[in-house]
Amino acid sequence: MATTGTAETTRRDFLYIATGAMGAVGAAALVWPFVSQLQPDASVLALSSTEVDLSLIEEGQIVTVKWRGKPVFVWNRTAEDVTKAKDVPVASLIDPVARNANLAADAPATDANRAAEGDGREKWLVVVGICTHLGCVPIGHAGEFDGWFCPCHGSEYDSAGRVRRGPAPENLAVPPYQFVSDTKISIG
Amino acid sequence: MSGHATFEPKNPALKWFESRLPLVGLIHSSFIAYPTPRNLNYWWTFGGILSLMLVCQILTGVVLVMHYTPHATLAFDSVEHIMRDVSYGWLLRYMHANGASMFFIAVYIHMFRGLYYGSYKNPREVLWILGCIIYLLMMATGFMGYVLPWGQMSFWGATVITNLFSAIPVVGPTIVQWLWGGFSVDNATLNRFFSLHYLLPFMIAGVVVLHVWALHVVGQNNPTGVEPKSEKDTVPFTPYATIKDAFGMVCFLIFFSWFLFYIPNYLGHADNYIPANPLVTPAHIVPEWYYLPFYAMLRSVPDKLGGVLTMFGAIAVLFFVPWLDTSKVRSGAYRPLFKQFFWIWLAVCIGLGWLGSKPAEGGYVIAGRILTVWYFVHFLVILPLLGLFEKPKAVPASITEAVLGKNKGAAPASTGAQAPQTKG
Ligand code: HEM
Ligand code: FES
């Protein structure tokens, strides 16, 4: 700005820059509410836990419940489903991480780390029913790996909800949940 | 913008107004006296047709909003209410829904025209890029509009497309949550899409003004690709281009009416007459036909981020065409090799569109991969190399010579150029 005349910094330059900087801060402060309003609002956040009665789920049955507007699959797996899932070496998986919100972020994707914790509970598999590719709801008891098949772009999951064939990059997410009694879980 | 005649108002009231705001003079110089090349063919009428379709979408859209309710529990029923109860509601909705498809048919023809005749080349780069921006805005508008009826395809289309952003490393999942305003596509998503669906067409209108402005600075290209050199090479916009454009529009409207009155659901999808259900994905989800080639590309890459980048790259590459095509000859009419590659590329685009409508399995995926690679090779390898190795035919000295002389090489390549229904 002050290149005409002298190249020296003047009091006026300082005032220009200080004014411009204040203006920029003000503009940013004004933009923030416009961006921030895009977030999930309080009413959406408030609806974030769901209870499921496990005693109503037959052996072999997959039940779909709604949590945060998304489907969650609760599967009462047969002994055969569990054995099959256990027999798969973790190193051979597309995604070797458990993706279990109840465990450490780097827990390996063994069947034990995917299924419910505790004695006699390993038959329970609770996963968010959203394909990790682009968000379709996979179809249960389908596909080559006896888990789920996604109709959108053909991803397949096994009986521990682990992705076995792309394009999905990750295993089906295990949501945060706990047992509130022996036959009831609370998701969220 | 010097034309064949300039506007000099005789009427004193008009004179008074003109000296304060030269609006009539601007219209006169842009749409009446404006010199257009004398050899424009019917592929040049699609600009006018596109403007007409934009007006049609805005008019029908504004009226639909008078009866539509943007809420997850009410939207589906309000669209049915438009169809069944509102007087002529069925007509307005079918005009809007089919109008969107017609808009895309016209824009694809318009873009193919530009690619064939080299309309993107110096000095029309900015004009071309503005066109690409309009195309992007149209895609966003069409996508958000398709969400509004809140049927199964609306819902799952919205889910899949917004999830594309989850492929972005680190911030992806947060961006998606902020697009949704929740943890899944829901009422908040519907509301913001509705707001943007109303806004974007007016932004398109703004960019169209810039596009036409840029056009009037550099002048229209023409089938020979030779710039007008004298007054003999041009004719005034009115009546020549006005009448030709009007005739093109009438023909296009007949085509539009055929869809509108005989097969109004042909381009739609039956699943969208099932209300949105967040717990069940339809067995076979497909986007609207105008996105199919890109959808095919997305699915042909077995990696999530890779697929998304490929898809966006296919559009991004269009922005760089002015610099990727190294040939000194503008019009494809004088480029024997380019011409062949152009038609192959067009077939690839249509093939990709067809594959996008097929399930993602077996041979379809393999074919999709081959065509996807070809799409990019065309732009990134063939176009730059052709300019260096191709031996073009002799270009006429002027438009007039091409039209009146023996050298009619620039006759429009109308054979095999039926309205392409699918793009690339
Ligand atoms: C660039 C121009 C536009 C395009 C390409 C476009 C595209 C679309 C599409 C594809 C649909 C879905 C139709 C269906 O299957 O039912 C739609 C719906 C809708 N659009 Fe637009 N639109 C445009 C402009 C507008 C404008 C300017 C408005 C409002 C001012 C508007 C309001 C609506 C409404 C209310 C619906 C929902 C009703 C329905 O589904 O028919 N649109 N739009
Ligand atoms: S959304 Fe499941 S495979 Fe693409």
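In what follows, every chain begins at residue 1, and chains take the letters A, B, ... in the order their sequences are listed. Hydrogens, waters and symmetry mates play no part in the numbers below; they use all other heavy atoms, side chains included. Not measured: the values here are computed from a predicted model.
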Student: Mind listing the closest non-hydrogen atom pair of B/P282 and A/P151 along with its distance?
Tutor: O-CG, 4.0 Å
Student: Heavy atoms, side chains only, cut-off 4.5 Å: are B/L279 and A/V65 in contact?
Tutor: no
Student: On a heavy-atom basis, which atom in B/I285 and which in A/C136 lie closest, and how many Å separate them?
Tutor: CD1-SG, 4.0 Å
Student: Any heavy-atom pair between the side chains of A/C152 and B/T281 that's under 4.5 Å?
Tutor: yes
Student: Can you tell me how far the OG1 atom of B/T189 sits from the CG atom of A/L38, to the nearest 0.5 Å?
Tutor: 11.0 Å
Student: Report, as yes or no, whether the 6.0 Å neighbourhood of atom CE on B/M139 holds more than 12 heavy atoms from other residues, nucleotides or ligands.
Tutor: yes
Student: Report the C-alpha separation of A/V137 and B/W156 in whole Å, then their side-chain angles, then the decisive distance to 0.1 Å, and conclude whether the side chain to side chain contact (heavy atoms under 4.5 Å, CB included) test is met.
Tutor: CA-CA 9 Å; A/V137 179; B/W156 291 103; 3.1 Å; yes
Student: Could you tell me whether a side-chain N or O of A/R68 sits under 3.5 Å from a main-chain N or O of B/S184, the two making a donor and an acceptor?
Tutor: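 Looks like no, no N/O pair under 3.5 Å.
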Student: Is it the case that the side chain of B/K304 and the backbone of A/H133 share a donor-acceptor pair, with hydrogens and angles ignored and the cut-off at 3.5 Å?
Tutor: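 Yes; at least one donor-acceptor contact below 3.5 Å.
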Student: In sequence, state the C-alpha distance, the side-chain angles, and the governing distance for A/L134 and B/L298, and then conclude on side chain to side chain contact (heavy atoms under 4.5 Å, CB included).
Tutor: CA-CA 11 Å; A/L134 296 174; B/L298 170 77; 3.7 Å; yes
Student: With a 4.5 angstrom heavy-atom cut-off, which part of A/T132 approaches chain B: side chain, backbone, both or neither?
Tutor: backbone
Student: Crowded around A/E80 CD? As in, over 12 foreign heavy atoms under 6.0 Å?
Tutor: no
Student: Would you mind reporting whether A/H153 and B/Y295 have side-chain heavy atoms less than 4.5 Å apart?
Tutor: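 Yes, side chains in contact.
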Student: Just give me the residue among B/S166, B/G307, B/A283 that pairs up with chain A most often, heavy atom to heavy atom, under 4.5 Å.
Tutor: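 The residue among B/S166, B/G307, B/A283 with the greatest pair count is B/A283.
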Student: CD of A/Q37 to CH2 of B/W178: how many Å apart, nearest 0.5 Å?
Tutor: 9.5 Å
